[in-house]
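Everything on this sheet refers to the single structure shown next.
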Amino acid sequence: MFCTTKPPGSVSPAKRQINEVKETKTTINCVTFPLPGEGPEQQLLKPNEWSYCDYFWADRKDPQGTTHVTGFEVLLQKQLKGKQLQKEMAEFIHERIKIEEEYAKNLSKLSLSPLAAQEEGTLGEAWTQLKKSLHDEAEVHLKFSNK
């Protein structure tokens with residue numbers, strides 16, 4: 001489907017004059033927009049704060065009232081802040097991975113200690129289970145850090 005517009009000379013002057021009086025919108029690249037000053041101005045949804053819904057399409061004065069800020073600028077700043085936040089979150093996760101790996105290494109090292117190796121009976125069994133538990137926990141933390 002193609003969008004076509006009639007050339008200005010295709011309508012008689014009388015009809016053009018009627019159309020000009022009744023026209024309240026314009027079409028650009030097959031998109032219809034209301035003409036400026038037509039209809040009531042839209043009320044702000046969040047008048048006390050910057051929000052996409054209120055500042056995307058029109059220029060507004062900044063909170064100090066000195067300059068105009070476009071909706072595009074508001075969105076761009078939000079995207080840049082989001083990019084920075086993602087970078088900080090990635091650094092946080094990498095730091096957590098390092099901590100988990102170090103913790104797993106230390107638990108594994110502790111589980112190999114020869115402490116109470118000669119102990120017999122229930123105390124010896126308890127120490128063996130404790131060391132095995134530490135080794136298993138070290139493996140869990142290492143797997144977690146790898147994921």
Side-chain angles (χ1 to χ4, degrees), residues 1-8 10-11 18-147:
M1 177 184 254
F2 294 100
C3 179
T4 60
T5 57
K6 295 180 182 179
S10 67
V11 179
I18 292 171
N19 285 344
E20 287 175 6
V21 172
K22 292 183 181 179
E23 282 292 321
T24 60
K25 49 191 163 190
T26 184
T27 302
I28 302 170
N29 292 334
C30 301
V31 179
T32 303
F33 299 97
L35 292 174
E38 294 296 323
E41 187 170 325
Q42 181 177 343
Q43 295 296 314
L44 296 178
L45 299 175
K46 297 179 180 179
N48 296 328
E49 58 185 88
W50 290 90
S51 67
Y52 296 142
C53 57
D54 290 331
Y55 294 100
F56 183 75
W57 295 114
D59 296 350
R60 300 285 187 218
K61 286 188 176 184
D62 67 353
Q64 291 80 22
T66 55
T67 61
H68 281 64
V69 179
T70 63
F72 175 77
E73 283 296 321
V74 174
L75 288 176
L76 179 62
Q77 292 305 316
K78 176 66 175 166
Q79 290 299 319
L80 293 175
K81 287 178 185 176
K83 185 177 177 182
Q84 180 63 30
L85 176 64
Q86 288 177 345
K87 183 179 177 182
E88 290 173 5
M89 290 172 69
E91 289 173 4
F92 177 86
I93 291 171
H94 286 296
E95 186 65 28
R96 172 73 188 264
I97 289 170
K98 288 178 189 175
I99 291 169
E100 289 291 337
E101 287 173 344
E102 186 69 26
Y103 186 55
K105 178 181 154 189
N106 289 336
L107 283 178
S108 183
K109 182 179 174 183
L110 185 60
S111 72
L112 299 175
S113 73
L115 183 63
Q118 295 86 2
E119 192 61 46
E120 297 179 3
T122 56
L123 183 59
E125 291 174 22
W127 273 110
T128 303
Q129 284 295 337
L130 180 65
K131 289 179 183 182
K132 183 182 180 320
S133 174
L134 282 175
H135 181 72
D136 292 345
E137 187 176 349
E139 287 181 1
V140 168
H141 283 280
L142 189 58
K143 286 179 185 177
F144 178 74
S145 69
N146 289 331
K147 287 187 177 188

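Source: prediction; values computed, not measured.
Gln118 meets the side-chain hydrogen bond (donor to acceptor under 3.5 Å, both in side chains) test with no other residue; sequence neighbours excluded. Under the rule for a salt bridge (charged side-chain N to carboxylate O under 4.0 Å, His left out), the partners of Lys132 that lie at least two apart in sequence or sit in another chain are Asp136. In terms of the side-chain hydrogen bond (donor to acceptor under 3.5 Å, both in side chains) criterion, Glu101 has no residue partners (sequence neighbours excluded).
Shortest non-hydrogen contact noted between Leu142 and Ala104 is N-CB, 3.7 Å.
No side-chain heavy atom of Leu110 sits less than 4.5 Å from a side-chain heavy atom of Asn106. Counting only heavy atoms from C-beta outward, the side chains of Glu137 and Tyr103 approach each other to under 4.5 Å. With a 4.5 Å cut-off on side-chain heavy atoms, Leu107 and His141 count as touching.
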Item to check | salt bridge (Lys or Arg N to Asp or Glu O under 4.0 Å) between Glu100 and Arg96, worked out | outcome: CA-CA 6 Å; Glu100 289 291 337; Arg96 172 73 188 264; 3.0 Å; yes
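Lys131 contributes a side-chain N or O that, together with a main-chain N or O of Ser113, makes up a donor-acceptor pair within less than 3.5 Å. When atom types are taken as modelled, the side chain of Ser108 and the backbone of Lys105 share no donor-acceptor pair closer than 3.5 angstrom.
There is no side-chain donor-acceptor pair under 3.5 Å between Gln129 and Glu125.
Distance check, rounded to the nearest 0.5 Å: CD1 of Ile93 to CD of Glu91 gives 11.0 Å.
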